[in-house]
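This report concerns only the one structure given below.
So you know, we letter chains A, B, ... as the sequences are listed, proteins then strands, and number each from 1. All values below come from the heavy atoms of this structure, side chains included, with hydrogens, waters and symmetry mates left out. No experiment lies behind these values; they were computed from the predicted model shown.
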Amino acid sequence: MNNLSRRSFVSFALASTSLLAMPAISTGSARPKVVVVGGGAGGATAARYIAKDSKGAIDVTLIEASKHYYTCFYSNLYLGGFRDYDSIGHSYDNLSANHGVNVVHDWAISVDSAARKVRLGSGATVSYDRLVLSPGIDIKYDSIDGYSVEAQTKMPHAWKSGTQVKVLRDQVLSMPKGGTFAMVPPPNPYRCPPGPYERISMVAHILKERNPTAKIVVIDPKNKFSKQGLFMAGWEKHYPGMVEWIDNDTHGGIKNVNPETMEIETDLDTFKADVACVVPAQRAGAIAMNAGVTDGDWSPIVPASMQTKADGNIYVLGDASVASAMPKSGFSANSQAKVAANHIRGELTDSRVFPAKFSNTCWSLVATNDGIKVGANYKAGEEKIEVVDKFVSKTDEGNAKRKKTYEESIGWYNGITTDMFS
Amino acid sequence: MVNFVFKFFIAISCLLIFRGLLAEPLLDGADFDYGEYLSGQCLTCHQSSSDEGIPAINGAEALYIAKKLILYKNKELENEVMQLVASALDKEQIASLAIYFNSLEK
C-alpha cells in the first residue's frame with residue numbers, strides 16, 4: 001500500500017466510524033469544529049462548556065500560549081500577601097482529560113474568516129465552524145507619553161497577572177522607609193474597574209505593616225471610580241493619612257512618565273515615586289483586531305449570543321467585547337461564555353438554545369477581613385446588554401458582614417476556577 | 001358581632017388550611033435541560049463539594065433548593081448576590097434549577 005492509498009484507507013475508515021458513531025451530525029463524517037482562542041475566564045469556560053455539554057459531539061480546540069494560567073482576579077491578594085503565587089496558577093490538564101478538549105499551547109497569529117482558519121505561531125492552521133475569541137486586553141503602551149514595553153519593568157502595569165505582579169510585589173517590599181508609591185490607574189474602559197483601588201488597598205496593607213511612614217499617591221485620569229465611597233472610607237479607616245487620591249480635574253491631566261527618574265508629570269505638579277504602578281489605556285487583544293471583528297479598540301457583539309456584529313461565525317467574550325453595561329471582569333467573561341456555549345451548541349448540533357442570562361459580581365478586599373462587593377443582573381437588549389437590577393455593599397455595614405463578604409469571595413474564587421478548569 | 005367574627009376567623013383558617021393542602025407544587029413546570037443551562041450562573045460561585053465561603057448545592061433536595069430560592073427572591077433570606085440571582089428567576093426557572101441540582105452527585 002503506497003502512501004496515498006494508505007491515507008485514503010485511513011480516511012475511509014475514520015469516516016465510516018464517525019458515520020456509525022454519530023449519524024445525526026449534519027456535517028457528515030467530521031464533527032463540527034469549535035476553536036477557542038484564549039484560556040482565561042471567557043475562553044476556558046467556553047471550551048469546557050461546549051465540550052462538556054455536547055458530550056463529544058463537537059470537536060473543541062483551545063489555543064492558549066501559556067501552560068499555566070495565573071488569574072488576574074486575586075492577583076491583588078497575592079500582591080497584598082493574602083495568597084501565595086502558586087495558589088492563583090491553574091493548569092489546563094483537566095480540560096483535556098475530563099472533556100476531550102484539544103489544548104494547543106501556541107499563539108493564534110491570524111484569522112482567515114473567509115476560509116474559517118486560524119493560523120498559529122508554529123505555522124500550522126486550525127479550521128473552525130465557529131471561532132470563539134477571548135483574548136483579553138492588550139496594553140496601549142503609547143497611550144502615556146514616556147511609557148513603553150521596556151518601561152514596564154521599572155513602572156510595572158501588572159495588569160495581566162503573572163510575572164509583572166511578582167515584579168511589583170518585590171518592588172513594594174523593598175521600597176525605602178517613608179518612600180512614595182505612585183499609582184496611575186487606567187482611563188475607562190478597562191479590565192476590572194475596582195482593580196486599581198483594591199491594588200492601592202493591598203499596597204497600603206503591606207506598607208502599614210512594614211513601612212508605616214510611606215505614602216501612596218494616586219494620580220487618576222478619571223474623576224470618579226468603582227466603589228469609590230467604600231474604598232475611600234476603607235482607606236481612612238485602615239490606613240489613615242497614607243493614601244492621597246488626586247482626580248483628573250485637580251491634577252489637570254497626566255502629561256508623561258519617566259521610568260529613569262521615576263517621575264510622573266501632570267499639569268499640577270511632577271510627582272517623584274520610589275515605586276510606581278502605571279496602568280495605560282487598553283484595547284482588545286490583537287487577535288480580535290486581526291480577525292476584523294473590532295470597531296475602534298473593542299469588538300461589538302450581538303447581546304443575545306455574543307456573536308460579533310461583523311461575523312456570525314466569530315464570537316468575542318470578556319474584556320475584548322463591547323458588553324455595554326457589563327464591566328470587563330472575569331465573572332462577566334465566565335457568564336458570557338455560557339451564553340455563547342449554549343448558542344454555539346444550538347447552531348452546530350441543534351440542541352436547545354435558551355435566552356441569554358448574564359450576571360456579574362466583583363468582590364474587593366480593602367484590608368484583612370474587610371471585603372466589599374458590587375453586582376448586577378443583565379439581559380440581552382436589541383443593541384446592548386442592559387442592567388436589570390444591581391446592588392453594592394454599604395459603607396455602614398458591620399465588621400462581621402465585611403468578613404463574611406471576604407469569605408464569600410474565597411468561595412467564588414474556588415467556584416469560578418473550578419468552573420473554568422475542572 | 002362576636003359570632004360573626006368567630007365565623008369569619010374559622011372561614012379564613014379553613015381557607016388557609018385548604019390552600020396549604022393544595023399548595024401549588026413548587027416543582028411544577030421543571031425542565032431539566034433548562035435547569036442545566038441556568039445552573040451555569042450558579043456554578044460560577046458554588047463548588048460541587050466544598051462549603052468554604054459559599055455552600056455546595058449539588059445533590060441537595062429539590063424542594064429545599066426551590067424553597068431557598070423563593071426565600072431569597074422574597075428577600076426573606078439575606079445575601080445580596082443570592083437575592084439578585086433569585087429575583088431574576090421565575091417559577092419555572094426555580095423548579096428547573098431545583099431538579100437539575102438535585103440530580104448532581106454530592
Listed by residue number, which members of residues 50-75 of chain B have a heavy atom under 4.5 Å from any heavy atom of chain A?
-> B:E52, B:G53, B:I54

Sort A:V339 into side chain, backbone, both or neither according to what part of it lies under 4.5 angstrom from a heavy atom of chain B.
-> both

With distance as the sole test, does B:Y37 use its side chain to make a donor-acceptor pair with the main-chain N or O of A:P355 at under 3.5 Å?
-> yes

Would you give the length of the straight line joining atom OG1 of B:T44 to atom NZ of A:K338, rounded to the nearest 0.5 angstrom?
-> 3.0 Å

Toward chain A, the part of B:S87 with a non-hydrogen atom under 4.5 Å = side chain

B:E78, CD atom: more than 12 neighbouring heavy atoms under 6.0 Å | no

With sequence neighbours excluded, residues passing salt bridge (charged side-chain N to carboxylate O under 4.0 Å, His left out) with A:K55 = none

Which portion of A:Y49 sits near chain B, non-hydrogen atoms under 4.5 angstrom | side chain

Shortest non-hydrogen contact between B:Q47 and A:G411, atoms and distance | NE2-O, 4.0 Å

Among the options A:D53, A:I416, A:T361, A:N377, pick out the one with the most heavy-atom pairs lying under 4.5 Å from chain B.
-> A:N377

So which of A:K390, A:M420, A:E408 has the biggest tally of heavy-atom pairs under 4.5 Å with chain B?
-> A:E408

Contact part of A:N342 toward chain B, heavy-atom cut-off under 4.5 Å: side chain, backbone, both or neither?
-> side chain

Do B:C45 and A:Y413 have side chains that get closer than 4.5 Å, going by heavy atoms?
-> no

With a 4.0 Å cut-off, would you call B:E80 and A:K401 a salt bridge?
-> yes

More than 12 non-hydrogen atoms from neighbouring residues, nucleotides or ligands closer than 6.0 Å to CG on A:N399, yes or no?
-> no

Taking the side chain as C-beta and beyond, is there a heavy-atom pair between B:L89 and A:K357 under 4.5 Å?
-> yes

Residue A:K404 versus chain B: region with a heavy atom under 4.5 Å = neither

Residue pair B:V81, A:F391: steps toward the side chain to side chain contact (heavy atoms under 4.5 Å, CB included) verdict = CA-CA 8 Å; B:V81 179; A:F391 73 86; 3.7 Å; yes

Does CD belonging to B:E105 count more than 12 external heavy atoms closer than 6.0 Å?
-> no

Begin from the C-alpha positions of B:D33 and A:F354 and carry the test side chain to side chain contact (heavy atoms under 4.5 Å, CB included) through to its verdict.
-> CA-CA 9 Å; B:D33 289 350; A:F354 298 102; 4.0 Å; yes

Could you walk me through whether B:E36 and A:R352 pass salt bridge (Lys or Arg N to Asp or Glu O under 4.0 Å), step by step?
-> CA-CA 11 Å; B:E36 182 181 40; A:R352 293 165 69 191; over 6 Å; no

